[in-house]
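Notes follow the structure.
Since we're looking at a predicted model, the values are computed, not measured. Letters go in sequence order (proteins before strands), and every chain restarts at 1.
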Protein chains: 2
Amino acid sequence: MPEEARPGTGEQAKQHALAQLRHAILHGEMAPAQRLVENELAEQFGVTRASIRAALIDLEAQGLVERIRNRGSRVRVVTVEEAVAITECRMVLEGLCAAKAAVAAGDEQLAELTELGTAMTKAVADGEPVTYSELNQELHAKVREFSGQQTAVDLLERLNAQLVRHRFQLALRPGRPQHSLNEHLVMIEAIRARDPQAAEAAVRAHLTSVIEALSD
Amino acid sequence: MPEEARPGTGEQAKQHALAQLRHAILHGEMAPAQRLVENELAEQFGVTRASIRAALIDLEAQGLVERIRNRGSRVRVVTVEEAVAITECRMVLEGLCAAKAAVAAGDEQLAELTELGTAMTKAVADGEPVTYSELNQELHAKVREFSGQQTAVDLLERLNAQLVRHRFQLALRPGRPQHSLNEHLVMIEAIRARDPQAAEAAVRAHLTSVIEALSD
DNA sequence: GCGGACAGAATTGTTGACAATCTTGTTTGG
DNA sequence: CCAAACAAGATTGTCAACAATTCTGTCCGC
């Protein structure tokens with residue numbers, strides 16, 4: 001059964017390299033548009049170039065790096081326009097998930113959402129935008145999970161991975177958490193009321209406002 | 001400027017193999033769940049195993065093949081449940097595209113849609129389900145194109161690629177084209193009227209009925 | 001002084017061989 | 001006769017070297 005996520009030994013070299021590289025990019029350790037030379041990465045991670053190559057192909061498919069024929073790989077930079085387009089897709093897909101979750105979620109799952117809502121309220125009251133952002137992430141993840149819509153979840157995780165850089169930027173904007181909080185509470189209420197249409201509408205309203213905030 | 005899409009010579013081996021394999025799978029030349037042995041494919045397409053490997057990694061990311069550690073690759077079989085989940089995602093994403101297209105499309109683009117509508121009407125009247133299915137595809141592709149939403153277009157092409165087998169099955173069902181046609185005409189009208197909400201609603205209604213038809 | 005050709009360096013693409021892993025059919029002990 | 005250990009075969013994962021391509025800085029002719 002233990003089949004993954006032990007970076008030490010049992011993992012295949014390619015999986016190891018992939019996980020390392022992905023983590024590095026997602027945590028901003030690689031500057032945007034930085035060149036990714038296969039030889040350097042191979043040495044850095046202690047694997048061969050073939051493994052790095054496979055990992056880069058994977059990351060390209062996930063939209064995290066850009067590869068040009070005979071010219072090498074770079075970490076992909078997401079322009080504001082692209083971030084808006086991505087968020088529009090998130091809007092409809094998370095709307096779908098919320099609607100499904102409103103129907104499919106069990107009682108203890110609803111309780112989890114409620115709990116997250118109060119925690120988020122507290123984080124805003126205490127003026128801790130970082131904590132709030134993390135809870136925010138967790139809430140969206142839970143809604144996705146409860147929807148049981150595996151296809152949508154996969155697509156959304158792909159999309160979210162491309163937005164790490166912009167997300168940071170947005171969370172620290174003054175006044176934004178308070179605004180965002182209200183929208184999230186409406187969404188939680190709609191799911192608790194098991195009203196799929198209201199849940200979808202709430203998610204859309206929320207991400208519409210995110211899009212507006214992004215456009216500045 | 002000529003940079004791609006000449007399958008004859010200038011293409012890199014991996015790209016060539018990728019295109020060939022993808023085409024073969026999408027056109028049903030590979031049986032579902034068929035084993036894909038790297039050596040055989042390499043010989044068959046006249047490239048080396050490394051290229052085939054890279055192509056398989058790509059196809060796995062596109063959801064067309066399944067790869068298991070040290071056990072090989074198979075063309076992925078999409079169950080009916082997955083097909084429904086995929087179509088639900090299509091529903092919301094194409095809804096987004098239709099709404100954007102209703103705002104962004106130019107006059108001559110609207111004319112193209114109208115033309116396709118009449119061609120589809122004729123195909124149904126003549127009782128040619130295959131022609132109708134092709135026009136259907138083309139209509140959806142045009143709407144996506146006119147939306148200018150590149151992210152959504154990418155996601156949708158991924159999703160559609162996974163549905164080839166189910167699409168065939170659906171198109172030949174008696175009475176289905178007539179039903180489908182009406183829904184498409186409503187959508188075209190909504191886009192022509194530049195009414196994004198109506199366009200989105202029309203797309204959703206259409207794909208909801210597709211989901212119902214799939215579930216049998 | 002400037003544009004274009006040219007050589008050198010750097011980097012990716014490709015190849016064939018080798019190692020690790022899994023499957024399958026067989027054998028052996030109970 | 002059956003189950004577990006075992007061995008052979010097949011297949012993927014990894015490696016190091018080679019070929020092809022692109023970029024960069026320099027030099028020459030004008």
Given dG13(D), dT11(C), dT22(D), which nucleotide is nearest the side-chain atoms of Arg71(A)?
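Taking heavy atoms from C-beta onward, the closest nucleotide is dT22(D).
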Grab the [atom1]-[atom2] distance between [X] and [N] for me, whole Å please.
X	N	atom1	atom2	answer
Leu18(A)	dG13(D)	CG	C1'	15 Å
Ile57(A)	dT14(C)	CD1	P	10 Å
Arg35(A)	dT12(C)	CZ	C1'	10 Å

By side chain to side chain donor-acceptor pair (under 3.5 Å) - contacts of [X] (at least two apart):
X	answer
Ser209(A)	Arg176(A), Glu183(A)
Arg35(B)	none
Gln44(A)	none
Arg53(B)	Glu38(B)

Do you see a donor-acceptor pair shorter than 3.5 Å between the side chains of Arg167(B) and Gln137(B)?
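Note: Arg167(B) and Gln137(B) side chains meet the donor-acceptor criterion.
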Could you tell me if Glu43(A) and Asn39(A) have a donor-acceptor pair between their side chains, going purely by distance under 3.5 Å?
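The answer is no; no qualifying pair exists.
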Would you work out how much the helix from dG1(C)-dC30(D) to dG30(C)-dC1(D) bends between its ends, with each end axis defined by five base pairs, to 10 degrees?
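About 0°, once rounded to a multiple of 10°.
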Residues 156-163 of chain A, side-chain donor-acceptor partners within the protein, below 3.5 Å, at least two apart:
unit_1: Arg158(A); atom_1: NH1; unit_2: Ala61(A); atom_2: O; d: 2.5
unit_1: Asn160(A); atom_1: OD1; unit_2: Arg90(A); atom_2: NE; d: 3.3
unit_1: Asn160(A); atom_1: ND2; unit_2: Leu156(A); atom_2: O; d: 3.2
unit_1: Gln162(A); atom_1: OE1; unit_2: Arg76(A); atom_2: NH1; d: 3.1
unit_1: Gln162(A); atom_1: NE2; unit_2: Gln62(A); atom_2: O; d: 3.3

Let's see if you get this right: which residues in residues 36-46 of chain B place a heavy atom under 4.0 Å from DNA chain D?
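Going residue by residue through residues 36-46 of chain B, the ones with a heavy atom under 4.0 Å of DNA chain D turn out to be Leu36(B), Val37(B), Glu38(B).
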Where along residues 48-55 of chain B does a heavy atom come under 4.0 Å from DNA chain D, residue by residue in number order?
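The answer is Arg49(B), Arg53(B).
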Within the structure, does a side-chain N or O atom of Arg67(B) lie under 4.0 Å from either OP1 or OP2 of dT12(D)?
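Looking at the OP1 and OP2 atoms of dT12(D), neither is under 4.0 Å from any side-chain N or O of Arg67(B).
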Only pairs at least two apart or in different chains count here, so list each ring pair (Phe, Tyr, Trp, His ring centres under 6.0 Å) that has a residue in [range].
range	value
residues 128-158 of chain A	His140(A)-His184(A), His140(A)-His206(A)
residues 82-116 of chain A	none
residues 17-46 of chain A	His23(A)-His27(A)

Let me know, please, whether Ile68(B) or Asn70(A) comes out on the 5' side of the other along DNA chain D by nearest nucleotide.
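Nearest-nucleotide comparison on DNA chain D picks Ile68(B).
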Contacts of Arg194(B) that satisfy salt bridge (charged side-chain N to carboxylate O under 4.0 Å, His left out) - sequence neighbours left out:
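Applying salt bridge (charged side-chain N to carboxylate O under 4.0 Å, His left out) to Arg194(B) gives Asp107(B).
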